[in-house]
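Both backbone and side-chain heavy atoms feed into the values below; hydrogens, waters and symmetry mates do not. Fair warning: this is a prediction, and the values are worked out from it, not measured in the lab.
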Amino acid sequence: MKPVNIGLLGLGTVGQGVANILIRNADEIKRRTGRDIIVTRAAVRNQGKAEALELGIDVTTDSQSLVTDPNIDIICEAMGGDEPALTLLNLAIDNKKHVITANKALIAVHGNDLIDKAREQGVSVAFESSVAGGIPIIKALREGLAANRIEWLAGIINGTGNFILSEMAEKGRSFEDVLAEAQALGYAEADPTFDVEGIDAAHKLTIMASVAFGMPLSFNGVYTEGISKISREDVEFAAELGYCIKHLGVARRRDEGIELRVHPTLIPEKRLLANVNGVMNAIVVHGDAVGPTLYYGAGAGSEPTGSSLVADIIDVVRGMDADPMHRVPTLGFQPDAIAPLPILKAADYRAAFYIRLQALDQPGVMATVSGIFGELGISIEAILQKEPDAAALVGSDKATVPIILLTGLVQEGLIDQAIAKVQALDTIIEPVTRIRVETL
Ligand code: NDP
Ligand code: HSE
């Protein structure tokens, strides 16, 4: 089947993430969609800089030529800002191209008109990547939770702001210092006051509320406070009281209307949201049927955001030529692309292990046990010998002592061999306990 051609507006942090994912995962994506998807052209301001990336994409500074190019099927906008992005997306829709954007400012403020125009022209407007980076929250709200009346949602939805608050709380770093690092990492908006004054979070809340409650995008209705006035002292005092300060976006349905607000918030430190740190985002969505659900992941960055944008591309491609009942293949991959993979036996799994032994309290036991692990090439990451039992107090040679080992990553077959050898020692007097350790 003919490849799907993508025109990319912008080849910065997000644009490069999209291009890299489409190149690296081309085969896997084709197994899902049945079509090759190729970024054929990209528009930027600085052509030399983009060409130096050597992505095999035809780069131009003439953005208009991209959105009117008859060979391009889908326009992805990762340029940012109001103009020329808005004009270009309108032109793309006029030219009957599907449009996908990471630009939450644009969708929150101009989305109603864009969506109307796209419906008239029979094309899609998709914006998963505009909210919470790599978290598929729009899909969750629109599809996974479609049975529910959404009561409220609340989340950490600005990666830069959360990175700043976390580094201030954990490492005592200054606001300015952490913001500069977030900019260098590509997390921050072109104008970082959008991040620190809550405007970016307000854009994202606008979009989520619209999808959650079935209302027009209403950016002007969002009450907005940022984090710029939060001092290190506030963070420390809140911690003394058992709270974390997080910047939250909250959308709540009440009998009287909808609350839409973004602001710094004290959250009890045991709550899941209080433990979302760095550039990570998380959103709690409360549906009347399902209750609270939590969505967590990287809230900014090149490939996390690219992941969401490419998912939108895949959605659009699946809709282009599939019959309506089989738009998304039942198992996610095209039926003829499903291939058996070898399923490993337990002995071939790899894991780290917690191992507890009850040993006679005699000299040399620890060395013998360590020797068994060493001979099999199993590294011991930590070892702990607890107090011997009461028999030791009266000098009995039957006194026993618990020994706890943490191993490094190891093939399970080897750990089975090590445990069998340890268990066979006269000095080990109870069955060895083993529990797998996953750092996740
Ligand atoms: P970058 O600044 O890294 O990249 C912007 C790209 O767009 C660059 O290639 C730039 O070209 C190009 N560009 C900008 N203005 C023009 C113009 N007038 N004409 C032609 N090309 C232009 O931005 P990001 O990738 O970080 O952000 C892009 C969008 O994605 C924004 O809307 C942002 O809000 C959103 N977003 C960003 C995330 C992130 O983690 N960074 C996460 C989620 C969404 P050149 O370099 O030549 O100037
Ligand atoms: N500047 C945004 C953030 C990018 O830090 O969350 C992701 O939308």
Side-chain angles (χ1 to χ4, degrees), residues 166-173 235-236 238-244 267-280 282 292-298 340-440:
S166 308
E167 292 286 306
M168 282 169 70
E170 286 171 15
K171 301 182 188 153
R173 292 175 64 191
V235 172
E236 285 162 9
E240 277 181 41
L241 293 166
Y243 289 87
C244 280
I267 310 178
E269 63 190 7
K270 289 213 171 76
R271 286 270 179 279
L272 286 166
L273 281 188
N275 293 288
V276 173
N277 291 317
V279 72
M280 305 309 274
T293 56
L294 176 69
Y295 307 85
Y296 171 86
L341 292 169
I343 297 182
L344 299 177
K345 298 209 167 23
D348 296 322
Y349 297 170
R350 287 173 65 77
F353 283 86
Y354 158 101
I355 291 173
R356 180 170 59 78
L357 320 166
Q358 196 69 22
L360 289 178
D361 186 21
Q362 291 175 5
V365 175
M366 191 91 100
T368 310
V369 170
S370 309
I372 290 173
F373 281 80
E375 278 163 22
L376 288 165
I378 301 171
S379 76
I380 296 177
E381 303 293 325
I383 195 156
L384 189 67
Q385 179 168 340
K386 305 298 284 184
E387 294 292 303
D389 61 18
L393 296 174
V394 293
S396 163
D397 61 357
K398 295 281 183 283
T400 68
V401 59
I403 299 174
I404 289 100
L405 308 170
L406 281 186
T407 75
L409 209 57
V410 56
Q411 202 163 338
E412 290 212 15
L414 280 180
I415 214 78
D416 291 342
Q417 288 180 42
I419 289 177
K421 286 188 172 181
V422 169
Q423 192 72 78
L425 297 173
D426 293 341
T427 46
I428 302 299
I429 53 132
E430 279 183 14
V432 174
T433 296
R434 65 167 196 174
I435 305 176
R436 289 170 190 82
V437 180
E438 293 284 355
T439 49
L440 305 177

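- A274 and P268 get closest at one heavy-atom pair: CB-O, 3.4 Å.
- Taking N277 as the reference, S166, E170, K246 meet the side-chain contact (heavy atoms from CB on, under 4.5 Å) condition, with sequence neighbours excluded.
- Here the OG1-CG distance, from T400 to L357, works out to 11.5 Å after rounding to the nearest 0.5 Å.
- A search for side-chain contact (heavy atoms from CB on, under 4.5 Å) contacts involving L272 returns L294, not counting sequence neighbours.
- Scored by the side-chain hydrogen bond (donor to acceptor under 3.5 Å, both in side chains) test, Y243 finds no partners at all (sequence neighbours excluded).
- Residue pairs meeting the side chain to side chain donor-acceptor pair (under 3.5 Å) criterion with at least one member in residues 366-385, sequence neighbours excluded, are S379-E381.
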Would you give me the side-chain donor-acceptor pairs under 3.5 Å for residues 346-354, sequence neighbours excluded?
from: D348; atom 1: OD1; to: Q411; atom 2: NE2; distance (Å): 3.2

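- Contacts of A239 classified as side-chain contact (heavy atoms from CB on, under 4.5 Å), with partners at least two apart in sequence or in another chain: none.
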Result block: side-chain N/O donor-acceptor pairs under 3.5 angstrom for residues 419-437, not counting sequence neighbours:
from: Q423; atom 1: OE1; to: V432; atom 2: N; distance (Å): 2.7
from: Q423; atom 1: NE2; to: E430; atom 2: O; distance (Å): 3.0
from: T433; atom 1: OG1; to: R356; atom 2: NH2; distance (Å): 3.2
from: R434; atom 1: NH1; to: D416; atom 2: OD1; distance (Å): 2.7
from: R436; atom 1: NE; to: E412; atom 2: OE2; distance (Å): 2.6
from: R436; atom 1: NH2; to: E412; atom 2: OE1; distance (Å): 2.9
from: R436; atom 1: NH2; to: E412; atom 2: OE2; distance (Å): 3.4

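- With sequence neighbours left out, K386 forms a side-chain hydrogen bond (donor to acceptor under 3.5 Å, both in side chains) with no residue at all.
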Step by step, would you call F373 with I415 a side chain to side chain contact (heavy atoms under 4.5 Å, CB included)? CA-CA 8 Å; F373 281 80; I415 214 78; 4.1 Å; yes
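- Taking SG from C244 and CG from L273, the interatomic distance works out to 10.5 Å, rounded to the nearest 0.5 Å.
- Scanning all heavy atoms of the two residues, the minimum distance from L360 to V365 falls at O-CG2, 3.6 Å.
- The distance from the OG1 atom of T407 to the CG atom of L414 is 10.5 Å, given to the nearest 0.5 Å.
- For the residue pair I372 and A418, the shortest heavy atom distance occurs at CG2-O, 3.9 Å.
- Taking the salt bridge (Lys or Arg N to Asp or Glu O under 4.0 Å) definition, one finds that K171 meets it with E167, sequence neighbours left out.
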Going through the distances and angles, do V369 and I403 end up as a side chain to side chain contact (heavy atoms under 4.5 Å, CB included)? CA-CA 10 Å; V369 170; I403 299 174; 5.5 Å; no
